[in-house]
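To keep things clear, I will list the structure first and then write my remarks on it.
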Amino acid sequence: MIKPYLSELVSDALSATLPEEFKVSIEVPKQAGHGDFATNCSFQLAKHLRKAPPQIAEGLVEEINEKLSAKGITASSLGGFINLKLSSEFIWSRLASQFDDGVTFPEHSEKVLMEYVCANPTGPLHIGHGRWAVIGDVLRRLLLKVGRDVSTENYINDAGNQIKLFRASVEASKKGEAIPEGGYHGAYINELADVEDPVQAMIDSHKKVLGRMDVQFDDWFSELSLHKSGAVDAMLDLLGEKGLSYESEGALWFRSTDYGDDKDRVLKKADGAYTYFAVDIAYHSSKINRGYTRLVDIWGADHHGYINRVKAAVKALSDSSLDVIIGQLVTLFRDGEQVRMSKRTGEIITLEEVLDEIGADALRFFMIQKSADTHLEFDLQLATQQNSENPVYYVQYAHARMCRILEKAEGPGGTLSVDDLSLEDYERSLSLSLLQLYDEIYESANQMQSHRIATYSVSLAKLFHGFYHHCPILKSEGDVQAKRLQLLRWTQLGIKDCLGLLGITAPESM
RNA sequence: GCGCCCGUAGCUCAGCUGGAUAGAGCAACGGACUUCUAAUCCGUAGGUCAGUGGUUCGAAUCUACUCGGGCGCACCA
C-alpha cells in the first residue's frame, strides 16, 4: 500500500520535529496539479507547535527534501498543505514491488462471520435480495483478499408462522380452495402443487439463483435446526440464569433496555410459542459459541427497526461485536416507469427474471455500484442495453483490450532500463492510480464499503482507455515499448483483481 | 408522534479518518476510425452540495432545527 508506506517514510524523516507517536496522514489532493500525494499535518500540529500552519509547512518541507529527495520524493508547501511529488523511478519501483512481491496487509485476529440474504423460503427472491447478496459477496471477497478469517452464512427462515401459512397456501391451491387469510398468492404457488416439499423447493430455487450469480456461502443455516436441537430452550435458560429475562402478562421478556434498546422484547409469547427474535438470539448465540468474534449482518432497510434488539442480545451474551449493514431498497423501473410490486397479489418481478434478462455480470455490477445506504433506482431497460450506457462493459472492455495487446506483443519485451525512465502524463496518472489499488482494497474492506471497488474500477478503466489512445504500445519501440508493456501488464493484473473482487468475469476478448 | 436512511449538474450517482478551485457516467453540443478492437478517446456546456444557524484555521462531510422523499415503529417473520 502506498499511503502507509509514504506515511512511514515522511514520519521517519520528520521524527526530530514531530511529537512522539505522531503519524503523518497521507491523502490524495483533489487537484492533481498540487501534487501526487499530500499531508495536512501542519494544520494538526499548529496547536502543539504554537505556530501558523504555513510556517510549519515550510520547515517540514525543507526537512523532507533534505532526507527524501534522494529517494525520489520532493515536497513543496502551499497554503499550509505539504504536497509530495514522486519521481518516475520511485513510482515504478513501488509498482514493481506491489505486483512482483505482493502486498501484505495488517493482521487482525478476529474471526468474522457474515450473514446475508436471509430470505424466507416462502417465495422467490426479489431484486432486493439480489442487492444484499452482492453486497455481502463482494465484502466477503474483499475481506478474504486482505487476509481476514471470514465465513459466510445464509440463514434460512424455515420455521414459524410464515412457513405454516405458505404450506397451507400451496395445499389450498392444490385443492382449488381459497387461499387462507394472509396467505401467499401468485402463479408460483400453483406451480408448487406437484412438489413433494414446497419449502425445500423454494430453498433449492434460492440456491440455484444465487449460484448463478456466483454468490457464495460457507453454509446455509437452518432456523429449524435451532428448534430441533433445543438451542432455543438452552438459550432461554441461559438468559434466565443471567437474570436477563422476566415474565410478565403471561409472556417471557428479554431486558433489552438494559443494553440500549427502546423497549423490552418478548421471547416467548403467551401462547407458548417463541418469537422470531428469540430464535434469532439462539442463532447469534450459536455464532458466538462457534468462536466468531466479529459478526456482520446484512439486512434490508425494512428490518432496520430490528437492529437495536439484536445488538442488545449480542452485547448481553458476549464480547463479540455486531455490525449491521442496512441495504436500502431497490426500486425497479422499466422504460422509465416504476414497476409496482405487490406481494399480496403475487405481482412481482423475481431476481431470476432479472438475471435472465441482463445476466450475472451486469446484475452484480449494478447492485454493487452504489453505496448500500443509498436508495437504488434500477432501470431494467438500461441494464439490458449492451452498450456504452452500461458501465460494466466499460471495465470489461478495458480488460479485453489489454489481453489482446499482450497476446500480440512478442515475447516479454525485454527488461527495462530504469535509468532513463520517464513517464508521460497518461502513463503517469495511470501509474499513480494503480499504485493506490491496494489502498482502495484495504480501505473498502476495513470500512465495509464494497461499492468503492466498483467506483475505483471504472476510474482505473478510464485512465487505461486514455493511456491506450495516447500511448501506442505495439507501434512503439525499445525502452518506450518495454515500459508501456510493463505498465499494461500491471494494469491488466489490477483490473482483473478488481473484477475478481466484484465477482464479474474478466473477458479476454469482446 | 418517535427512530433509521437519503436530498450534490437535466437524469443516475461518486466524493475515503473534516482539507485546497465540487467529480464521473448518461443526456446535449463539437471533434477523432487507411487504428493496438470506436463497447473507445479528446473538447465544450452544465452547481446557492434542499434551507437556516452552530463547531472549526477549514464543512457536501460533524452538530441543532426546518422542509422534502423512502422505510420502520407487533406477544409478525
Side-chain angles (χ1 to χ4, degrees), chain A residues 3 25 27-31 33-34 38-40 43 46-47 52-54 78-81 83 118 120 122 157 159-163 165 182 223 248-253 262-263 265-277 279-280 300-308 326-329 331 333 336 369-379 382 386-394 396-398 400-402 404-409 436 439-440 443-444 446-447 449 451-452 454-456 458-459 461-462 464-476 488 509-510:
Chain A
K3 287 185 194 169
S25 71
E27 56 191 52
V28 182
K30 253 182 233 166
Q31 296 286 319
H34 286 132
T39 175
N40 58 3
F43 291 93
K47 270 202 182 126
L78 182 64
F81 289 91
N83 295 308
C118 179
N120 292 346
T122 54
N157 305 137
N161 275 336
Q162 298 304 314
I163 291 289
L165 262 171
E223 178 188 346
S248 171
E249 302 167 54
L252 184 67
W253 298 71
D262 310 335
K263 53 177 285 194
R265 307 289 175 175
V266 171
L267 296 165
K268 202 170 188 175
K269 297 182 259 181
D271 67 6
Y274 305 125
T275 58
Y276 179 83
F277 177 49
V279 187
D280 210 13
D302 50 342
H303 286 79
H304 74 256
Y306 189 67
I307 297 175
N308 282 343
I326 290 298
Q328 294 299 317
L329 303 175
T331 314
F333 287 80
Q369 207 186 358
K370 315 298 181 190
S371 149
D373 48 30
T374 193
H375 307 129
L376 183 61
E377 301 203 354
F378 182 53
D379 195 313
L382 194 102
Q386 306 219 342
N387 62 18
S388 58
E389 287 182 46
N390 209 330
V392 63
Y393 296 110
Y394 187 78
Q396 288 182 318
Y397 185 51
R401 261 187 164 170
M402 288 188 274
R404 294 307 287 277
I405 294 173
L406 289 173
E407 204 178 277
K408 287 184 184 174
Q436 291 165 58
D439 296 78
E440 280 296 322
E443 286 166 22
S444 305
N446 244 8
Q447 294 166 29
Q449 294 181 312
H451 72 281
R452 278 181 55 180
T455 309
Y456 174 79
V458 174
S459 89
K462 182 171 178 59
F464 162 72
H465 285 305
F467 162 74
Y468 170 91
H469 271 268
H470 296 90
C471 305
I473 296 158
L474 296 178
K475 285 179 183 169
S476 59
L488 191 79
S509 67
M510 285 174 77

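Proteins come first, then strands; the chains are lettered A, B, ... in the order of their sequence lines, and each starts at number 1.
- B:rC42 and B:rC26 have their P atoms separated by 11 Å, given to the nearest Å.
- Look at A:H303 and you won't find any side-chain N or O under 4.0 angstrom from OP1 or OP2 of B:rG3.
- Among B:rA77, B:rA14, B:rU40, the nucleotide with an atom closest to any side-chain atom of A:H469 is B:rU40.
- Comparing the P positions of B:rC36 and B:rG23 gives an interatomic distance of 35 Å, to the nearest angstrom.
- The side chain of A:H304 lies closest to B:rC4, out of B:rA39, B:rC75, B:rC4.
- Side-chain nitrogen and oxygen atoms of A:Y397 include at least one within less than 4.0 Å of the OP1 or OP2 phosphate oxygen of B:rA39.
- Here the separation of B:rA27 from B:rU66, taken at their C1' atoms, is 34 Å to the nearest Å.
- Residue A:L329 is classed as a sugar-phosphate contact, given heavy-atom separations below 4.0 Å to backbone atoms only.
- Comparing the C1' positions of B:rG18 and B:rU12 gives a spacing of 27 Å, expressed to the nearest Å.
- Between A:K263 and B:rA74 there is no side-chain N or O to OP1 or OP2 distance below 4.0 Å.
- The shortest distance between the side-chain N/O atoms of A:Y274 and the OP1/OP2 oxygens of B:rC76 is not below 4.0 Å.
- Checked against B:rC75, B:rC71, B:rA14, the side chain of A:D302 finds its nearest nucleotide in B:rC71.
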Going 5' to 3' through nucleotides 16-24 of chain B and flagging B where a protein heavy-atom sits under 4.0 Å of the base, S where only the sugar-phosphate is that close, and - otherwise, we get BB-BBB-S-
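- For the pair A:K370 and B:rC13, the criterion of a side-chain N or O lying under 4.0 Å from OP1 or OP2 is not met.
- Comparing the C1' positions of B:rC2 and B:rU8 gives a spacing of 29 Å, expressed to the nearest Å.
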One pair to check against side chain to side chain contact (heavy atoms under 4.5 Å, CB included): A:N157 and A:I163. What are the steps and the verdict?
CA-CA 8 Å; A:N157 305 137; A:I163 291 289; over 6 Å; no
Which dot-bracket string fits RNA chain B when only Watson-Crick or G-U wobble pairs with both atom distances under 3.5 Å count, crossing pairs get [ ], and | stands for a partner on a different strand?
(((((((..((((.....[...)))).(((((.......))))).....(((((..]....))))))))))))....
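- Note: A:I473 CD1 to A:K408 NZ = 11.5 Å, rounded to the nearest 0.5 Å.
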